[in-house]
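Beneath this line is the structure, given in structure tokens, with notes to follow.
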Amino acid sequence: MFTNDKAIYMQMADRLCDEILAGTYKSDDRIPSVREYAVMLEVNTNTAVKTYEHLAREGVIYNKRGLGYFVAPDAREQILQRRREVFRQQTLPELFRQMRLLGLDIGDIDRAWQLEG
């Protein structure tokens with residue numbers, strides 16, 4: 001389930017963000033408690049705490065004292081904006097480099113995209 005290329009708490013944060021993007025959790029929805037999420041993913045509770053603290057600092061979730069954590073109203077848009085920026089800065093340059101090395105052009109990519117859809 002987890003890989004060695006990124007800290008577990010960050011992988012957990014990515015997973016929760018994926019769930020928000022997929023609509024599993026919508027704006028102002030309550031998310032699983034720290035303990036529930038730790039049990040669900042079979043990790044130490046401290047790791048889940050670190051995940052939630054990170055996401056709260058990022059403004060993706062917020063805490064209602066005594067009630068738990070909830071999805072921030074603009075979480076989906078924040079996640080999309082951040083991920084698009086990472087995609088533009090990290091993924092695309094590597095993709096373009098590989099395309100040049102392999103002699104592929106945008107037409108090849110478009111045809112592959114059409115087959116996927």
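Since this is a predicted model, take the numbers as computed values, not measurements.
- To the nearest 0.5 Å, the span separating CD on Glu42 from OG1 on Thr47 amounts to 13.0 Å.
- A pairwise comparison of heavy atoms in Thr45 and Ala38 identifies CA-CB, 3.8 Å as the closest pair.
- Taking OH of Tyr69 as the reference point, atom CG of Leu16 lies at 11.5 Å (rounded to 0.5 Å).
- In the hydrophobic clustering, where aliphatic and aromatic side chains (Ile, Leu, Val, Met, Phe, Trp, Tyr) are joined below 4.5 Å either directly or transitively, Phe70 groups with Tyr62, Leu67.
- Scanning for side chain to side chain contact (heavy atoms under 4.5 Å, CB included) contacts around Gln81 gives an empty result, with sequence neighbours left out.
- Note that CG of Leu21 is 5.0 Å distant from CG of Leu80, once rounded to the nearest 0.5 Å.
- The CD1 atom of Ile61 lies 11.5 Å from the CZ atom of Arg30; values are rounded to the nearest 0.5 Å.
- Here the closest heavy-atom approach between residue Gly59 and residue Ala72 is recorded as O-CB, 3.1 Å.
- Judged by distance alone, the side chain of Asp105 and the main-chain N or O of Asp108 form a donor-acceptor pair under 3.5 Å.
- Applying the ring-ring contact (aromatic ring centres under 6.0 Å, His included) test to residues at least two apart or on different chains, none of the pairs has a partner in residues 83-117.
- Put simply, the side chain of Tyr52 reaches to within 4.5 Å of the side chain of Pro32, judged on heavy atoms.
- Here the CG atom belonging to Leu55 is positioned 8.0 Å from the CE atom belonging to Met10, to the nearest 0.5 angstrom.
- Checked against side-chain hydrogen bond (donor to acceptor under 3.5 Å, both in side chains), Gln114 has the following partners two or more places apart in sequence or in another chain: Asp110.
- Contact between Met12 and Thr51 at its shortest, heavy atoms only, is CB-OG1, 3.5 Å.
- Judged as a salt bridge (charged side-chain N to carboxylate O under 4.0 Å, His left out), the pairs with a partner in residues 79-96 (not counting sequence neighbours) are, in order, Asp18-Arg83, Glu58-Arg82, Glu85-Arg88, Glu94-Arg97.
- Rounded to the nearest 0.5 angstrom, Arg100 CZ and Leu95 CG are separated by 9.5 Å.
- Evaluation of the side chain to side chain donor-acceptor pair (under 3.5 Å) test over residues 7-16, restricted to residues two or more places apart or in two chains, returns Thr3-Gln11, Lys6-Asp14, Arg15-Glu19.
- Residue Phe2 is not grouped with residue Val39 when hydrophobic side chains (ILVMFWY) are merged at heavy-atom distances under 4.5 angstrom, including chains of intermediate members.
- Grouping the Ile, Leu, Val, Met, Phe, Trp and Tyr side chains by contacts below 4.5 angstrom, directly or via other members, places Met99 apart from Leu101.
- Ile106 and Leu115 are assigned to two separate hydrophobic clusters, defined by single-linkage of ILVMFWY side chains at heavy-atom distances under 4.5 Å.
- Listed here is the closest heavy atom pair of Gly68 and Asn63: O-OD1, 2.9 Å.
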